[in-house]
Amino acid sequence: MPALSRLPRPSRLPLVALALVVATASVTACSASGQSRTDACIVVAQSLEAVQQDIADANTALAAGDLDALGESPTAAADSLGERAGEVTNAEVGPIMTALRTSIESVRDAVAEASASDDPEAATEAFAASGGDLQDAAVRFSQTCGG
């Protein structure tokens with residue numbers, strides 16, 4: 001009867017290869033089930049392009065004293081962000097999209113309330129005062145997404 005030490009040892013290569021295949025499949029499954037930070041950042045960046053134009057339009061309306069147009073721009077921005085919010089599922093970027101949407105809705109509500117009184121000065125103050133959270137959310141986006 002041969003000694004156990006003389007029996008050929010099974011190669012460990014198939015076991016290592018199998019472990020690598022399982023590990024790769026697990027990583028692929030995780031990445032396939034969640035949105036990458038890059039993909040989420042792209043959605044937010046595209047959304048911010050529209051918001052930036054709406055804010056620029058609001059500034060133009062404010063300068064012209066057109067309170068109706070002033071109110072339309074934050075509404076359009078809030079609607080745009082609301083439509084795209086569901087596309088951001090990344091756990092790191094999702095809260096930023098939520099903060100952007102919430103802050104632009106605050107801008108919209110503050111401007112609408114001030115515009116209802118037909119007071120351009122109050123609308124200007126409301127627009128400026130409510131923009132801080134929007135700016136903070138944009139900074140968070142820039143820090144997270146590198147834009």
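Side chains are part of it too, since the values below use all heavy atoms of this structure and drop only hydrogens, waters and symmetry mates.
- Shortest non-hydrogen contact noted between Val93 and Cys145 is CG2-SG, 4.3 Å.
- Contacts of Asp39 classified as side chain to side chain donor-acceptor pair (under 3.5 Å), with partners at least two apart in sequence or in another chain: Ser36.
- Ala76 approaches Asp54 most closely through the heavy-atom pair C-OD2, 3.5 Å.
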Just do the side chain to side chain contact (heavy atoms under 4.5 Å, CB included) check on Val88 and Ile96 with the steps written out, would you?
-> CA-CA 10 Å; Val88 179; Ile96 295 169; over 6 Å; no
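- Contacts classified as side-chain hydrogen bond (donor to acceptor under 3.5 Å, both in side chains) and involving residues 74-88 (residues at least two apart or in different chains) are given here: Gln46-Arg84, Arg84-Glu87.
- A search for side chain to side chain donor-acceptor pair (under 3.5 Å) contacts involving Thr89 returns Gln35, not counting sequence neighbours.
- In terms of heavy-atom proximity, Ser103 sits nearest to Leu134 at OG-CA, 3.2 Å.
- Applying side chain to side chain contact (heavy atoms under 4.5 Å, CB included) to Met97 and the options Thr102, Val44, Asn90, Leu48 leaves one that passes, Val44.
- Between Arg101 atom CZ and Ser106 atom OG the span is 11.5 Å, to the nearest 0.5 Å.
- Ser73 approaches Ala58 most closely through the heavy-atom pair OG-N, 3.5 Å.
- The backbone N or O of Ala138 lies less than 3.5 Å from no partner atom in the side chain of Ser142, so there is not a single donor-acceptor pair.
- One finds the CG atom of Leu100 at 12.0 Å from the CD atom of Gln135 (value rounded to the nearest 0.5 Å).
- Here the straight-line distance linking atom CD1 of Ile55 with atom OG1 of Thr60 works out to 11.0 Å at 0.5 Å rounding.
- For the pair Val139/Asp136, no side-chain contact is recorded, criterion being any heavy-atom separation below 4.5 Å from C-beta on.
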